[in-house]
There are 2 protein chains.
Amino acid sequence: MKFAKLKNQLDLCIDQKNLRHSEQRYIILKALWEESDKHLSAEEIYDRVKQDEDIGIATVYRALKLFKSCNICKELRFNQNVSRYEIKYGTEHHDHLICVNCGKYIEVVDSKIEALQEQIAENHDFLLQNHKMELYGLCKKCQQEM
Amino acid sequence: MKFAKLKNQLDLCIDQKNLRHSEQRYIILKALWEESDKHLSAEEIYDRVKQDEDIGIATVYRALKLFKSCNICKELRFNQNVSRYEIKYGTEHHDHLICVNCGKYIEVVDSKIEALQEQIAENHDFLLQNHKMELYGLCKKCQQEM
DNA sequence: GTTGTTGCAAAAGGTTTGCATGTAT
DNA sequence: ATACATGCAAACCTTTTGCAACAAC
């Protein structure tokens, strides 16, 4: 997804709520977008953006809260300590392989699993509407570092 | 599950680790067990146990950490703020079929799915630690009522 | 000019830890 | 007697909030 499209989404939302278009929000959104293959935490976003600009951690949290309310990003909790954030791209993507250490994630699509899920629901007379599957573990890099 | 069985599980684990059998641990375990249809937080457990006995919140946290390491309970995070704990009965139960209307849930264990999950992790050089699969839909009863 | 936004520092809220005391073995 | 376990309070860590200065409209 192009950043311009994401920015546009944010601008729309800001207009709708009658808020102001601030440079900081764009910077924070861009950081999230640039590292969208990871799930950055607020702290990690802060570390990225404070280098170039003078942005406080409070602003990062406030921007993330705004993005959530705009449905631009989503808050996740893999381990007990830190919230991580991901950009919500258009459609839902249900299946993830997630590194519990660095937050890296890989989307997984496996038709055999999808079929089995359907089967399981059917066996219990459930009408399946949606699903979520998350596999937690250590990615290769984090395994080596430990 | 009878409390005696749970207590026994704890005793075994305590022996294995060469720790001491303390009354506080049993009291905390019992509180968790008595409210096992809820997911209590550390604070809620503390509120329950401090009435009868003089137990500190630190002891509750320490006991919960022990229980986790004994595989007797599991830490969950539904909302962003508080950890909640549930007793792990016997086998692992990661997979749920959840009715989006009435909240009913069924535990699902499917070895074919488990095997596929392992396979997927392996394909991506992940060391799998845990997983969560939730299938959302309408249960039979809610389908009929609609 | 008005009102939302920011950075800072202080506070909040949940969890952990240091320490002297207590207790199971 | 020797660790381990405890309660208390302080520390810790992430997140939120109050406030005066600032910036967008």
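All of these numbers come straight from a predicted model, not from anything done at the bench. To find a chain, count down the sequence lines: A is the first, B the second, and so on, and within it residues start at 1.
Residue B:Ser83 places its side chain closer to C:dT15 than to any other of C:dT15, D:dT16, D:dA5. Taking the side chain of B:Ala58 as heavy atoms from C-beta on, and the options C:dG4, D:dT15, D:dC8, the nearest nucleotide is D:dC8. Of the candidates C:dT25, D:dT15, D:dA23, C:dT25 carries the atom nearest the B:Arg20 side chain, counting heavy atoms from C-beta on.
A:Cys99 has its SG atom at least 2.5 Å from the SG atom of A:Cys139.
Spacing between atom CG of A:Asp11 and atom P of D:dA24 amounts to 14 Å, rounded to whole angstrom units. The separation between A:Leu10 atom CG and C:dT5 atom C1' is 14 Å, rounded to whole Å. To the nearest angstrom, P of D:dA21 lies 17 Å from CG of A:Asp54. Atom OH in B:Tyr46 sits roughly 15 Å away from atom C1' in C:dT16 (whole-Å rounding). Here D:dT16 presents its C1' atom at 16 Å from CG of A:Leu66, a figure rounded to the nearest Å. One interatomic measurement links the two molecules: CG of B:Asp15 to C1' of D:dC4, which rounds to 14 Å at whole-angstrom precision. Summarising the geometry, the separation between CD on B:Glu43 and P on C:dG14 is reported as 6 Å, rounded to the nearest angstrom. The distance between atom OH of A:Tyr26 and atom P of C:dT6, rounded to the nearest whole Å, is 11 Å.
At a threshold of 4.0 angstrom between heavy atoms, the contacts of B:Gln24 are confined to the sugar-phosphate backbone, with no base atom among them. Counting non-hydrogen atoms under 4.0 angstrom, B:Arg62 reaches a base of the nucleic acid.
Within 3.5 Å, no donor on the side chain of B:Arg25 pairs with an acceptor on the base of D:dA5, nor the reverse.
Under 4.0 angstrom from either OP1 or OP2 of C:dT15 there lies at least one side-chain N or O belonging to B:Tyr61. The side chain of A:Ser22 places no N or O atom within less than 4.0 Å of a non-bridging phosphate oxygen (OP1 or OP2) of D:dA23.
In this structure, A:Lys74 forms no cation-pi arrangement with A:Tyr85, as its terminal cationic atom is not both closer than 6.0 Å to the ring centre and no more than 45° off the ring axis. Because its NZ or CZ atom is not both nearer than 6.0 Å to the ring centre of B:Tyr136 and within 45° of the ring axis, A:Lys132 does not count as a cation-pi partner of that residue. Annotation: cation-pi pair B:Lys140/A:Phe126 absent, no NZ/CZ under 6.0 Å from the ring centroid and within 45° of its normal.
DNA chain C is contacted by both A:Ile55 and B:Ile57; A:Ile55 maps to the nucleotide lying nearer its 5′ end (nearest heavy atom per residue). Each of A:Glu23 and B:Ala63 has a nearest nucleotide on DNA chain D; the 5'-most of these lies closest to B:Ala63. Residues B:Lys65 and B:His21 each lie close to DNA chain C; by heavy-atom proximity, the contact nearer the 5' end of the strand is made by B:Lys65.
A donor atom on one side chain and an acceptor atom on the other are found under 3.5 Å apart for B:Gln117 and B:His131.
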